[in-house]
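All values reported here derive from a predicted model rather than from experimental measurement. Order of listing sets the numbers, starting from 1, for every ligand and every atom in it. Numbering of residues begins at 1 and proceeds along the displayed sequence.
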Amino acid sequence: MKIVLLGKQGCGKGTQAKELAKESGFPHISTGDLLRNVSGPLKKEVDSYMLNGKLVPDELIIKLLKERLAQKDAKQGFILDGFPRTAEQAKELDKITKIDKVIEIFISDKEAMNRLSGRFNCKKCGAIFNVNTSPRPKESGICDFCGSEIYQRADDKEEAIKQRLKIYNEESKQLLHYYGKKVITIEGEQDINQVKEDLLKQLF
Ligand code: AMP
């Protein structure tokens, strides 16, 4: 099962993709994570886009994605999170492989801003917390699970969030149009377990 998860930043794509990966055994592939893991000479270029909330050039992200999708664990299926972001990227993805399901998790801009500006990630184990919503860390600045420091991503600062939402809203119009009736929309502002239940109902 090859699944694309769409939705603006903060809609819960990453969290739900991780859950789906656990349930299905397919890998969760996040292009944001692929880019954050870039090292060496490319890192400076990648950061210059990411830190300002801008999309990195298609050529670069498509190359990274192709390499990841060619790995053995992604052959039978995957849960793609963060790609495609534009109709052009969706066309490129269709050239690489056939997508079975396209799911959009919908939340308003106001909700996205509230969630993202409170989001903190653990430096070590990757756990995600939210000081505006939940789960709040039990101890301020510390991961509940491994005790390491939690930090706010540079692109989760207010100005970068505004820029990312603006880009998302502009680009997603054409993207959703490209996928047309294939898109299944799920209400993302309900309880996190209900979102998961709705997703599983649509997929399996
Ligand atoms: P995310 O973790 O999905 O919010 O992505 C974080 C950042 O990575 C974005 O703001 C972009 O700078 C970059 N990025 C992730 N996916 C893509 C993509 N499909 N195309 C271009 N840039 C991307």
message = For Ile167, I'd like to know if atom CD1 has over 12 heavy atoms of other residues, nucleotides or ligands within 6.0 Å.
response = yes
query = Does atom CD of Gln152 have more than 12 heavy-atom neighbours from other groups under 6.0 Å away?
reply = yes
Below 4.0 angstrom, N of the basic side chain to O of the carboxylate: do [X] and [Y] qualify?
{"X": "Asp47", "Y": "Lys43", "answer": "yes"}
{"X": "Arg36", "Y": "Asp33", "answer": "yes"}
{"X": "Arg115", "Y": "Asp156", "answer": "no"}

task = Using a strict cut-off of under 4.0 Å between a residue heavy atom and any atom of ligand 1, list the qualifying protein residues by chain and number.
result = Thr31, Gly32, Leu35, Arg36, Met50, Lys54, Leu55, Val56, Ile61, Gly82, Phe83, Arg85, Gln89, Arg153, Asp155, Arg164
request  = May I ask whether Leu65 and Phe78 are part of the same hydrophobic cluster, defined by side-chain heavy atoms of I, L, V, M, F, W, Y residues being less than 4.5 angstrom apart, directly or through others?
outcome  = yes
